[in-house]
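Naming: A, B, ... by sequence-line order, numbering from 1 per chain. Everything numeric here is computed off the predicted structure, so don't read it as measured data. Computed from heavy atoms alone, side chains included, the values below leave out hydrogens, waters and symmetry copies.
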Amino acid sequence: MPASKIALDFIDFCEKQTDVAKIEDRFVATLNALGYEHIACASHVDPLRPRPGAVSIVNYPMPWLEHYSHGDFARIDPVFLAARIMTSPFNWDECLTKMRLSREQKRVLAEGADYGLAGGMTIPLRSPDVMPASCSLVAGPDGVDPLAMAHTLMVVIYGHGALHRRLNPNALAEPVILPPRERECLTLAGRGKSDWVIGELLGVSGRTAHNSIERAKKRYGVSSRTQAVVRAVFDAQINVDDLSN
Amino acid sequence: MIYIVSTENRQAFHHLLTEMHRHRKQVFIDKLHWRLDHNAGLEIDAYDSEDAIYLIESKTPRGEISVSARLLPTERPHLLGEQFRDLCETPPPTGPNVWEATRFCPAPDTPAGEPRRLMLGRMIAGIMETALIFGIDQVTYVADAALAPLARKVGWDVRALGPPRGKGRHKIQAFAARIDADGLRRVRQAFAINAPLIRFVPAEPARAA
């Protein structure tokens, strides 16, 4: 079957299917059909302890995943590191040789290669949750037709998006939007200012500043200012540059 | 040997094709700084399709590539017809018996000088052999100042399609080469090639899933 048909059928399937497990299976089957054998489409966390609500489809060999999890490799995995920096798909051989890697990081790559995880490609993904995410693909023995690249990207980006939507059905319905006053106060709190200083800077009372920040905390359902600031940064309500003096 | 990779058998050549696109990225983008797009380390353009015929020199279908080139049917969109139209004084030859050769790509680590010259010779012979099999009588191409005189010197029956454009090393010119058995003989002689170079390996019948 031509790659374009494989990809379009998958998208069609995602549109109609609401069962997450079925979409996950079809995601793997579709990428298998394009010639990929090993797939890891997930947030950059321990693959055996995925975050709730986060997409996590990993079919790497289980002994490797156990070893990876045991060694806490997610924290130093050079592929994750590169995926956070790169804005477009990259292949491991080309990209990772340009990075200055520690001995431990080189070990992660070498040991992964022993499990057949070599010569892969990674597609950085924009994930609406807090953790960065990516999809890594390693071709099977017959390789992948280079002309199928565009269809691979289509399947991965669409599939990841569809799964994220199904896993977080309310994400679009209830986005947090901070009113200007709360955003200003929270930004200044993020810069370490006290209620009184925030009040002085904005020309309001310390009490008003305090109440604004409390309301922002409530919107995010968190109990500390630090948590609220971090959430607001990840939600792009606060620009990280505005936190530096 | 030089493998012919076409729509009929490309399924058996995913590895060589991927490696070829990787070489093209390293040579044309990293080394020569051509303004081309790339993705995940592969240079693939709008003219790469199932209709293109690739000539890839390698010892095995999984081996390392020494040189590759792309042949495009001129009845479909091709570079001379779309990108380099201004290099031709009159409309360039097109039709079922005309191919366009592009993306001549020696491996990135090919030493300059003699090894490169021999490689080019083998690829010219490979293009001629393939063209003769497919009943092609003309091959058009755009060459830079270094390549243009060589093709003529080795006995390829070549005519310019227009005046050169650009300066010095960046001078480029469009050509049409005649394909016939005499020309192939001359090219083989010039490069001391004494046996056919090309090989066509049919793809295995699709396996049951």
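Looking at A:Ile123, there are no atoms closer than 4.5 Å to chain B (heavy atoms on both sides), in backbone or side chain.
Counting heavy atoms from C-beta on, the side chains of A:Tyr115 and A:Val138 never come closer than 4.5 Å. A 4.5 Å side-chain heavy-atom check between B:Leu161 and B:Pro93 finds at least one atom pair inside the cut-off.
Residue B:Ile133 holds its CD1 atom at 3.5 Å from CD1 of B:Ile198, rounded to the nearest 0.5 Å.
If you look at A:Phe73 and A:His67, their ring centroids are closer than 6.0 Å.
Of residues 54-66 of chain B, those residues with a non-hydrogen atom less than 4.5 Å from any non-hydrogen atom of chain A are, in numerical order, B:Arg62. Of all residues in residues 25-49 of chain B, those placing a non-hydrogen atom less than 4.5 angstrom from a non-hydrogen atom of chain A are B:Lys25, B:Asp30, B:Asn39, B:Ala40, B:Gly41, B:Leu42, B:Ile44, B:Asp48, B:Ser49.
The pair A:Arg107-A:Glu104 does not count as a salt bridge, with every side-chain nitrogen at least 4.0 angstrom from each carboxylate oxygen.
Aromatic ring pairs are classed by plane angle as parallel below 30°, tilted from 30° to 60° and perpendicular above 60°; the pair A:His44 and A:Phe80 is parallel. Using bins of under 30°, 30° to 60° and over 60° for the plane-to-plane angle, the ring pair B:Trp99/B:Phe134 lands in the tilted bin.
Residue pairs meeting the side-chain hydrogen bond (donor to acceptor under 3.5 Å, both in side chains) criterion with at least one partner in residues 52-65 of chain A, sequence neighbours excluded, are absent. The salt bridge (charged side-chain N to carboxylate O under 4.0 Å, His left out) pairs that include a residue from residues 23-45 of chain A number zero, where partners must be two or more places apart or lie in different chains.
Between chain B and the options A:Ala148, A:Pro146, A:Gly143, heavy-atom pairs under 4.5 Å are most frequent for A:Pro146.
A:Ser69 places no side-chain N or O within 3.5 Å of a backbone atom of A:Leu65 that could act as its donor or acceptor partner.
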